[in-house]
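Shown next, in structure tokens, is the structure this report addresses.
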Amino acid sequence: MAKVAIMGYGTVGSGVYDIIKNNADHLSRSVDGEKIELKYILDIRDFPDHPEPNLFTKEFNDILNDGEVTVAAEVMGGLHPAYEFTKALLEAGKSVVTSNKELVATYGTELLEIAREKNVNYLFEASVGGGIPIIRPMHQCLTANNIVKIAGILNGTTNYILDQMIRKGKTFETALKDAQAKGFAERNPAADIEGHDACRKIAILASLASGKFVDYSDIDTEGITAVTLDDVKYAAAMDSVIKLIGYAEFGEDGKVYSIVSPMVIKSDSPLSGVDGVFNAILVTGDCVGDVMFYGKGAGKLPTASAVTADIVDAVKHRERSKKIFWEKPSGTIMAGKDSRKFRYFIRTNDNAENIRGIFGKCEFVDNLISGESAFVTEPLTSSEAEDKTARLRDVVTKLRVMA
Ligand code: HSE
């Protein structure tokens, strides 16, 4: 019998509870017939109508000091007290599994190191891509590869919002309200729409791929709040869509280039057809080439599916660390922001002559709004794009175009 605890009974925590109850036989088969029994649910709130009220505790120490509990699922979210709880549990020789990308992206290096020292596991499959298997495939199945590039739609809320704008012509605000009503959005929607959630996720993937801690605060991050219905219409006219992309490239010199940015994506890219709350992560390895991971990136059961799989894995690997870790680099491993060029889609009220004077060769797009010009530049560094657009009159939009 493996006794486990859930910490945080929100959307994901209640999903983990449902899966442990509903799929008990199947889960037990996965661990050679051993039963997975839920012993505690930690939450500061009361759940008087819950069918198993005796499981609930408000005392973290009940879990920490219970020698029978070997695995805890931290699905509380936020940094504190999730960090203190996780650290204490790992130090006490218990494995912890989590969906908390903020915690993994911030304290992952330290927590993974403690797990390794204590011969237990800190698993975080649900922290990126919700229900999509991505952490384990990157760590195990793609381990023979040097990862060259990762481009991902990593945030379900923003993908849902952009999709509603594209397909239904909804405004940004209405689409955001829909996403919140459906439970996809973070408590604070800024984390989604400003790109912070996607930034933490690409930082985790980049750390895993490079074996070195990629600090999310070093990643240039832009959300989708400035993307308008007109931009979306322009993209459609160019046989493209706009998606929020978490992007990382890994140089042979060990440097990592990473950004989070809305990008114009041609309809022939596999990422262009990823709609609604779905996420997709396109990983390029030096041996395997391109592989794409696709599925529901948010929501109760998809996320709980990944958390529960980690519980099973932690039970299977009791007292055997899976040795997933990344090191803190001695200096910066981030490549400069100008080490990579993109083409840019630009809308401006300036005229074609000035545009050509500033940008040289560029591709004009039929304008949909009278009085403005729309065009796509040649590949430019971030600084070149900034300097040149600063010389234009009234820039309406500046968006990277994915190659
Ligand atoms: N708010 C996140 C999203 C939830 O929309 O993708 C999953 O991390």
Side-chain angles (χ1 to χ4, degrees), residues 8 10-16 73-79 82 97-106 108 123-135 138 150-165 170 172-208 216 219 221-225 227 242-247 260-262 271 274-282 293-310:
T11 308
V12 182
S14 60
V16 174
E74 183 275 296
V75 284
M76 309 160 61
L79 287 182
V97 307
T98 189
S99 56
N100 189 338
K101 58 241 140 193
E102 200 184 352
L103 187 62
V104 178
T106 309
L123 304 177
F124 47 95
E125 183 61 66
S127 66
V128 180
I132 306 172
I134 178 67
I135 302 295
M138 293 242 333
I150 301 172
I153 294 172
L154 298 170
N155 183 268
T157 302
T158 45
N159 205 50
Y160 177 86
I161 291 170
L162 290 170
D163 192 35
Q164 293 284 305
M165 290 168 76
K170 283 189 189 171
F172 174 84
E173 288 74 20
T174 311
L176 171 61
K177 283 205 183 89
D178 285 0
Q180 285 173 314
K182 289 189 154 74
F184 308 146
E186 298 293 316
R187 262 174 295 179
N188 170 5
D192 294 303
I193 60 182
E194 304 286 0
H196 305 313
D197 177 75
C199 172
R200 276 139 184 89
K201 291 169 177 169
I202 193 68
I204 293 171
L205 294 180
S207 299
L208 203 56
Y216 65 80
I219 299 177
T221 299
E222 188 187 325
I224 63 161
T225 49
V227 177
I242 298 172
K243 300 282 185 193
L244 182 67
I245 299 294
Y247 188 89
V260 173
S261 165
L271 291 173
V274 176
D275 296 329
V277 75
F278 281 84
N279 284 189
I281 304 130
L282 190 58
F293 301 88
Y294 171 82
K296 285 192 179 149
K300 175 173 167 165
L301 288 179
T303 310
S305 153
V307 173
T308 312
D310 274 352

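We're numbering straight along the sequence, starting at 1. Both counts, for ligands and for their atoms, begin at 1 and track the order of listing.
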What do you reckon, does G297 put a non-hydrogen atom under 4.0 Å from ligand 1?
-> yes
Among protein heavy atoms, which lies nearest atom 2 (C) of ligand 1, and at what distance?
-> E186 OE2, 3.1 Å
Verify, without hydrogens or angle tests, whether T308 (side chain) and A306 (backbone) share a donor-acceptor contact under 3.5 angstrom.
-> no
Would you find a donor on one side and an acceptor on the other, under 3.5 Å apart, between the side chain of T303 and the backbone of G299?
-> yes
Considering only non-hydrogen protein atoms, determine which one is nearest to atom 5 (O) of ligand 1 and report residue, atom name and distance to 0.1 Å.
-> T157 OG1, 2.6 Å
Nearest non-hydrogen protein atom to atom 6 (O) of ligand 1, with distance, is G156 N, 2.7 Å
Just which atoms of ligand 1 are under 4.0 Å from any heavy atom in A298?
-> 3 (C), 4 (C), 6 (O), 7 (C)
Quick one: closest heavy-atom pair of V277 and A298, and the distance?
-> CG2-CB, 3.9 Å
Counting heavy atoms only, name the option from K296, K101, R200 that's nearest to atom 8 (O) of ligand 1.
-> K101
Acceptor/donor pairs from residues 152-160 side chains to any protein atom, 3.5 angstrom cut, sequence neighbours excluded:
unit_1 : atom_1 : unit_2 : atom_2 : d
N155   : OD1    : T157   : N      : 3.3
N155   : OD1    : T158   : N      : 2.8
N155   : OD1    : T158   : OG1    : 2.8
N155   : ND2    : D192   : OD1    : 2.6
N155   : ND2    : D197   : OD2    : 2.7
T157   : OG1    : F184   : O      : 3.2
T157   : OG1    : A185   : N      : 3.4
T158   : OG1    : N155   : O      : 3.2
N159   : OD1    : K243   : NZ     : 3.2
N159   : ND2    : V274   : O      : 2.9
N159   : ND2    : G276   : O      : 3.0
N159   : ND2    : F278   : O      : 3.3
Y160   : OH     : K182   : NZ     : 3.3

The answer for which part of V277 has a heavy atom under 4.0 Å from ligand 1 is neither
Output yes when a side-chain donor or acceptor of E74 lies under 3.5 Å from a complementary backbone atom of G77, and no otherwise.
-> yes
Between D192 and ligand 1, find which residue part has any heavy-atom pair under 4.0 Å and reply side chain, backbone, both or neither.
-> side chain
Test item: E125 side-chain N/O and I135 main-chain N/O as donor-acceptor pair under 3.5 Å = yes
